[in-house]
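Accompanying notes for the structure given below.
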Amino acid sequence: LTGPANHDLGEFGKQLAAKGFKTNSLNLAVAQEVPANASLLLIASPQVDLQPAEVQKIKQYVQKGGNLWWLIDTEPLRGLLPVAEALGLTLGPGTVVDPDAAQLNASPTMAIAASYGRHAITNTFRLNTVFPFARQIGVNENSGWRVTRLVEVAPRGWVETGRLDAKVAFDKGRDIPGPVNIAVALERNVSERAQRVVVVGNGHFASNQFLGNGGNLDLAINIVNWLAGDDALIT
């Protein structure tokens, strides 16, 4: 949340600070646990594998009712499969391809969202959002969570499980037809306390490179406000 590179979230970090949020990096190789006074934990597209002890601390945080925002790109889960299982996530392979992106002179790997679920985060949301190299996010119906699908993309597209090249095309026997859900909100009660989780199948949308596109910033701020319990600030 402080990085200046295109793939970093530094600009988003500045926006959060301007709205009164305090953010800190967390090194779970050193910290004994996720701080109990944290409003939420953000896991943003890890670049290296987490150690089993680090993963266990995240899993314990979730089991105790901690709020979580997880940005999952198409890369491997970096050791976080146990967390995905704890949330009941179903994560298939592939990248979303959206032919409608051509209308904006964008690559077909740029998924455009204009359809949102009925949820506090998105109820009044009317802006288009952009998700480069997004992945499909599903949740097991028997996971024990109340699940809301938040963002749907590529109504005329698909999940491409093969190579992404200039001749990418839908393979009926292999690819998954759209529309594709790429974000979910999860809720449950733990020890009489409401727990909130949001999983987005894309980390790029909140990065320095793409945060200014469409309503990306507004959606990201809405997600943080909801996870932090500041529902009244969602616009």
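As a basis for the values below, the full set of heavy atoms in this structure was taken, side chains included, without hydrogen atoms, waters or symmetry mates. Being a predicted model, the structure only gives us computed values, none of them experimental.
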Next on the checklist: Would you say the ring centers of Phe131 and Phe205 fall short of 6.0 Å from each other?
Outcome noted: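 Yes; Phe205 has its ring centre under 6.0 Å from that of Phe131.
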Kindly indicate whether the side chain of [X], heavy atoms from C-beta on, has any atom under 4.5 Å from the side chain of [Y].
| X | Y | result |
| --- | --- | --- |
| Phe125 | His119 | no |
| Asn222 | Thr122 | no |
| Leu9 | Leu42 | yes |
| Ile112 | Val153 | no |
| Phe12 | Val224 | yes |
| Thr109 | Val96 | no |
| Pro155 | Asp100 | yes |

Checklist entry - So, the side chain of Asp8 versus the backbone of Gly10: is there a donor-acceptor pair under 3.5 Å, distance only? => result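 Not a single qualifying donor-acceptor pair exists.
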Next on the checklist: With a 3.5 Å distance limit and no angle check, can you tell me whether Glu160 reaches the backbone of Gly162 through a side-chain donor-acceptor pair?
Outcome noted: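 Yes: the side chain of Glu160 pairs with the backbone of Gly162.
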Next on the checklist: Tell me whether Phe210 shares a hydrophobic cluster with Val198, the cluster being built from Ile, Leu, Val, Met, Phe, Trp, Tyr side chains joined at under 4.5 Å.
Outcome noted: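 Unlinked, Phe210 and Val198 end up in two clusters.
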Item to check | Gln136/Ile176 under side chain to side chain contact (heavy atoms under 4.5 Å, CB included): CA gap, chis, key distance, verdict | outcome: CA-CA 10 Å; Gln136 186 176 31; Ile176 302 169; 3.6 Å; yes
Next on the checklist: The test is side chain to side chain contact (heavy atoms under 4.5 Å, CB included); show your working for Leu219 and Ile121 and say whether it passes.
Outcome noted: CA-CA 8 Å; Leu219 179 62; Ile121 292 172; 4.0 Å; yes
Next on the checklist: Take a 6.0 Å sphere around CZ of Arg118 and say whether it holds more than 12 heavy atoms from other residues, nucleotides or ligands.
Outcome noted: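 Result for CZ/Arg118: open.
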Item to check | Neighbour count >12 (heavy atoms, 6.0 Å) for atom CZ, Arg149 | outcome: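 No.
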Donor-acceptor contacts under 3.5 Å from residues 61-83 side chains, at least two apart:
unit_1: Tyr61; atom_1: OH; unit_2: Leu41; atom_2: N; d: 3.4
unit_1: Tyr61; atom_1: OH; unit_2: Asn67; atom_2: N; d: 3.2
unit_1: Tyr61; atom_1: OH; unit_2: Asn67; atom_2: O; d: 2.5
unit_1: Asn67; atom_1: OD1; unit_2: Arg196; atom_2: N; d: 2.8
unit_1: Asn67; atom_1: ND2; unit_2: Ser39; atom_2: O; d: 3.4
unit_1: Asn67; atom_1: ND2; unit_2: Leu227; atom_2: O; d: 2.8
unit_1: Asp73; atom_1: OD1; unit_2: Gly203; atom_2: N; d: 2.7
unit_1: Asp73; atom_1: OD2; unit_2: Ser45; atom_2: OG; d: 2.7
unit_1: Arg78; atom_1: NE; unit_2: Pro46; atom_2: O; d: 3.4

Next on the checklist: Applying ring-ring contact (aromatic ring centres under 6.0 Å, His included), can you list everything that pairs with Trp158, at least two apart in sequence or on another chain?
Outcome noted: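 By the ring-ring contact (aromatic ring centres under 6.0 Å, His included) rule, Trp158 matches Phe170.
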Checklist entry - Does any donor atom in the side chain of Asp175 or Thr161 lie under 3.5 Å from an acceptor atom in the other side chain? => result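 Thr161 and Asp175 do have a side-chain donor-acceptor pair below 3.5 Å.
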